[in-house]
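In what follows, a structure is listed as structure tokens, so that the remarks can point back to it.
Side-chain atoms are counted along with the backbone in the values below, which use heavy atoms only and exclude waters and symmetry mates. So you know, we letter chains A, B, ... as the sequences are listed, proteins then strands, and number each from 1.
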Amino acid sequence: MQKNLVIVESPAKAKTIEKFLGKDYRVMSSYGHIRDLSTKELGIDVAHDFKPQYVVPEEKKKLVAELKKASQDAREVLLASDEDREGEAIAWHLSEALELSPDRTQRIVFHEITKPAILHALDTPRGIDINLVNAQQARRVLDRIVGFELSPVLWRKVKPALSAGRVQSVAVRLIVEREREIARFVSEASFRVVASFLLPDGKTLLKAELNRRLKDRDEAEAFLRACQRPEAAFTIEDTTKRPVKKTPAPPFTTSTLQQEAARKLGFSVAQTMMVAQRLYESGFITYMRTDSFNLSDMALTASRQAITEEYGERYHRLRHYHTKSKGAQEAHEAIRPTNMQAPTISAGAQEMKLYDLIYKRTLACQMADAELERTTVSIGIGGLTDKFVAVGEVIKFDGFLRVYRESTDDEPDTPEQETKLLPTVNVGDRLTAREIIATERFTQRPPRYTEAGLVHRMEELGIGRPSTYAPTIQTIQNREYVVRGDKPGEERKFCVLTLADGQIAEEVKRETVGADRNKLLPTDVGTVVNDFLTESFPEVIDYHFTANVEKEFDAIAEGTMEWTEAMDRFYKFFHPIVEKTLAMRTDHRAGERQLGTDPKSGQPVSVKIGRYGPVAQIGQPDPDNKSAAKPRFASLMKTQSIETITLEEALELFKLPRVIGEYEGKEMVAATGRFGPFVRFDGLFVSIPKPLEPTSITPDEAIALIEEKRTKESQRHIKTFAEEPGLEILNGRYGAYIAFEGSNYRLPKDVVPADLTLEDCRRIIAEAADKPKRRVPRRRSNG
DNA sequence: CAGTGAGCGAGCTTCCGCTTGACTT
């Protein structure tokens with residue numbers, strides 16, 4: 001009997017749906033898009049209404065053939081891709097590529113993978129919405145034009161193999177501009193005053209903070225002196241109690257899951273997605289690439305049941321969350337456990353941790369508000385209008401806090417945020433000040449972005465999609481526009497004035513501030529590319545460019561705008577700027593900076609992005625005089641930047657390679673290579689370790705390094721065989737191994753390397769060769 | 001593994017958004 005064929009996007013989804021549908025249906029997966037613009041060229045016929053040239057990629061050909069065969073065998077084909085722009089386009093591409101006949105093809109959509117939702121979808125089929133498809137084509141074509149016209153401009157003006165695009169270039173811009181804000185930032189000092197009071201009972205302490213900051217040291221001292229006066233009595237003037245409510249965070253979307261997993265579990269964005277993918281494939285959670293807050297009725301009911309069973313009815317509160325945008329295209333649910341009766345699962349360690357986070361967040365979002373009581377105590381100072389204020393908070397009913405509390409990015413810096421129960425006090429109580437401390441505090445610079453923080457900001461700007469956040473972050477790092485790294489903090493002095501026992505003492509303390517770990521930092525290349533793009537293409541690199549074009553895509557989807565006309569308008573605006581930029585003088589590279597003149601040669605010194613990265617240059621090539629001296633080059637060190645390097649620092653670079661001295665009648669030379677500074681001696685390379693510098697290393701230091709390396713080298717060779725000179729047993733970083741004909745072979749765990757015979761070695765090599773040949777997959781950055 | 005760079009010349013690089021593979025280190 002002929003079955004109906006249902007095509008969805010994801011194989012895991014296909015498996016689930018097949019169970020709901022029974023034997024009359026066969027469910028297959030398209031694994032996302034099945035066709036795309038040809039990658040060899042622009043792939044768009046600009047002159048003929050931007051006609052896209054779609055091709056089935058090589059790796060998808062087999063799948064498309066299978067789908068086609070299955071569709072021809074089927075009674076009816078039901079295209080069940082997601083109900084959004086991309087999903088509609090997938091359905092359309094399927095109908096085109098599989099040559100489906102319209103009378104045997106239907107389009108169905110569901111927003112959650114539950115049996116009622118799927119059965120309802122089968123009852124309400126529709127045709128393909130060509131307006132929505134056209135909106136996707138517009139999006140696709142625009143992204144291709146932007147990416148494939150901007151990138152070659154960068155190859156010409158900055159460096160080969162760079163890339164630019166609607167999404168990645170704005171992501172880089174966010175990081176470059178944040179770094180500039182940080183560089184410009186000037187912190188402002190003020191004094192924060194905290195007092196420790198003794199209550200009338202003579203033993204209970206109450207800590208309170210002055211209700212304003214004092215502007216400098218003199219004002220702080222004057223205030224403490226005023227507190228010192230006998231008439232400066234401290235009296236409880238007022239106490240108020242106020243109920244406060246806390247509401248749980250909404251359920252997880254891709255971006256909030258990435259942020260919380262980074263804060264609570266220390267996961268990178270890519271790691272979170274990988275672990276979530278495994279949870280999804282094992283059936284533990286719903287789809288992990290979503291921007292919807294929606295929860296299915298089934299999930300709401302199950303949450304209610306789980307909460308009332310575990311904590312009681314009082315802890316439950318039904319909440320519906322709505323996605324902020326127009327909401328019409330809720331292709332998925334929020335990320336939630338598929339089974340709310342399973343608080344824990346058994347899986348890998350990371351999977352269990354992430355699941356726990358998802359479970360608790362989902363449960364909490366269906367729980368009652370937490371009820372707190374905030375007590376504010378205000379303490380008057382005799383003769384002054386200033387007051388000390390103590391704030392305490394008590395949880396009256398924990399509600400959702402019982403299971404989950406959202407983290408924030410702000411590091412807990414000031415203890416004022418810590419809230420607690422205050423002792424009971426009465427208005428009119430006289431207090432004794434044990435000590436009053438005025439501490440100098442500084443305003444904080446803007447924070448550097450973490451990966452997840454960047455995703456958060458991109459989502460706010462509407463740039464990128466749940467499926468692209470992680471790959472985009474990978475791309476801007478692969479292009480070396482941005483690196484994840486650490487920045488040492490700076491030591492800062494601050495002043496502390498303490499009034500205790502009638503004395504004012506002053507102390508200067510030191511603290512380290514602004515240290516950063518694992519943050520996104522712009523590189524020179526990223527900075528130069530960004531400055532070049534913002535200068536030449538300000539509209540495209542604008543933070544609101546995506547939001548603006550999205551409005552047009554919406555109009556196309558609603559049928560009020562022709563997609564080809566939208567493209568025509570954009571292209572007529574954009575392409576001339578590309579042409580103009582390419583035609584501009586080519587002798588000056590973007591980001592090039594003149595530093596001054598080399599005192600020795602009188603030649604100009606400049607820095608720029610060279611073919612292999614940031615480089616300093618003395619002299620200019622002279623096209624009219626081939627015999628003239630060629631320019632000299634020297635790569636910048638990792639710690640230097642073309643934006644900040646000085647003439648002196650640049651000239652310093654040309655001192656390398658440098659002859660350190662002689663040893664055993666041969667020259668020792670210091671230089672910096674791809675892997676950092678090194679000493680070269682008699683064909684041997686020795687890295688120069690940290691505190692030593694290639695510009696200043698002494699002959700004795702270099703000899704010590706060479707001897708150390710020689711000792712290690714002698715320990716490296718464990719055994720050689722006269723019959724087979726190309727085969728050696730060596731000692732490596734991961735233990736002993738066999739080196740033979742350019743390949744390395746691991747040794748079995750239980751052997752003693754020095755005891756191996758040549759036969760043993762040959763056997764190990766032969767066994768390794770039996771295994772499937774190892775391919776070296778050249779991992780491409782993105783897509 | 002440790003270099004490189006200024007012109008006759010060859011050809012390549014690149015976008016964003018859907019979705020998982022089958023490879024090891």
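- Following rounding to the nearest Å, A:Lys630 (NZ) and B:dT4 (P) show an atom-to-atom distance of 13 Å.
- Residue contacts for A:Pro160: at a heavy-atom cut-off of 4.0 Å it reaches a base atom on one of the strands shown.
- When the nearest nucleotides of DNA chain B are assigned to A:Ala164 and A:Tyr287 by heavy-atom distance, the more 5′-ward of the two goes with A:Ala164.
- Regarding A:Glu281, its CD atom lies at a distance of 7 Å from the C1' atom of B:dT20, rounded to whole Å.
- Base contact: A:Gly32 has a heavy atom under 4.0 Å from a base atom.
- Side-chain atoms of A:Thr672 and base atoms of B:dA2 include no donor and acceptor less than 3.5 Å apart.
- A:Glu59 comes within 4.0 angstrom of nothing in the nucleic acid, heavy atoms only.
- Close to B:dC18, at under 4.0 Å from its OP1 or OP2, lies a side-chain N or O of A:Ser467.
- Distance, A:Tyr31 OH to B:dC18 C1': 14 Å, rounded to whole Å.
- Between A:Tyr469 and B:dG17 there is no side-chain polar atom (N or O) within less than 4.0 angstrom of OP1 or OP2.
- Note that A:Arg479 lies outside the cation-pi zone of A:Tyr481, set by a 6.0 Å cut-off to the ring centre and a 45° limit from the axis.
- Residue contacts shown for A:Pro11 are limited to sugar-phosphate atoms, with no base heavy atom under 4.0 Å away.
- Here A:Gln136 does not reach the OP1 or OP2 of B:dG17: none of its side-chain N or O atoms lies under 4.0 Å away.
- Distance CD (A:Glu86) to P (B:dG17): 8 Å, rounded to an integer number of Å.
- Counting any heavy atom pair closer than 4.0 Å across all strands shown, A:Arg465 reaches sugar-phosphate atoms only and no base atom.
- Contact annotation for A:Gly43: no contact, since no heavy-atom pair falls under 4.0 Å across all strands.
- Interatomic distance, A:Met458 CE to A:Thr546 OG1, rounded to the nearest 0.5 Å: 8.5 Å.
- Among the heavy atoms of the strands lying under 4.0 Å from A:Val615 is at least one base atom, whether or not backbone atoms are also near.
- Look at A:Arg289 and you'll find a side-chain N or O under 4.0 angstrom from OP1 or OP2 of B:dT20.
- Using a 4.0 Å heavy-atom cutoff across all strands shown, A:Thr468 reaches at least one base atom of the nucleic acid.
- Residue contacts for A:Leu162: at a heavy-atom cut-off of 4.0 Å it reaches the sugar-phosphate backbone alone, with no base atom in range.
- Residue A:Arg144 places no side-chain N or O under 4.0 Å from the OP1 or OP2 atom of B:dC16.
- Distance CD1 (A:Ile476) to P (B:dC15): 12 Å, rounded to an integer number of Å.
- The backbone N or O of A:Glu9 sits less than 3.5 Å from a side-chain atom of A:Ser29, completing a donor-acceptor pair.
- Distances from the side chain of A:Ser635 to the nucleotides B:dC15, B:dT4, B:dT20 place B:dT4 closest.
- Looking only at distances, no side-chain donor or acceptor of A:Arg107 sits under 3.5 Å from a matching main-chain atom of A:Ala91.
- Figure legend: cation-pi geometry between A:Arg166 and A:Phe545 absent, as NZ or CZ is not positioned both under 6.0 Å from the six-membered ring centre and within 45° of its axis.
- Residue side chain A:Arg139 reaches the base of B:dC16 through a donor-acceptor N/O pair under 3.5 Å, judged by distance alone.
- Between B:dC15 and A:Ser163, a contact under 4.0 Å exists linking OP1 or OP2 to a side-chain N or O.
- Proximity of A:Ser29 to the phosphate of B:dT20: no side-chain N or O atom is located under 4.0 Å from OP1 or OP2.
- When each of A:Ala161 and A:Tyr280 is assigned the nucleotide of DNA chain B with its nearest heavy atom, A:Ala161 is the one assigned upstream, toward the 5' end.
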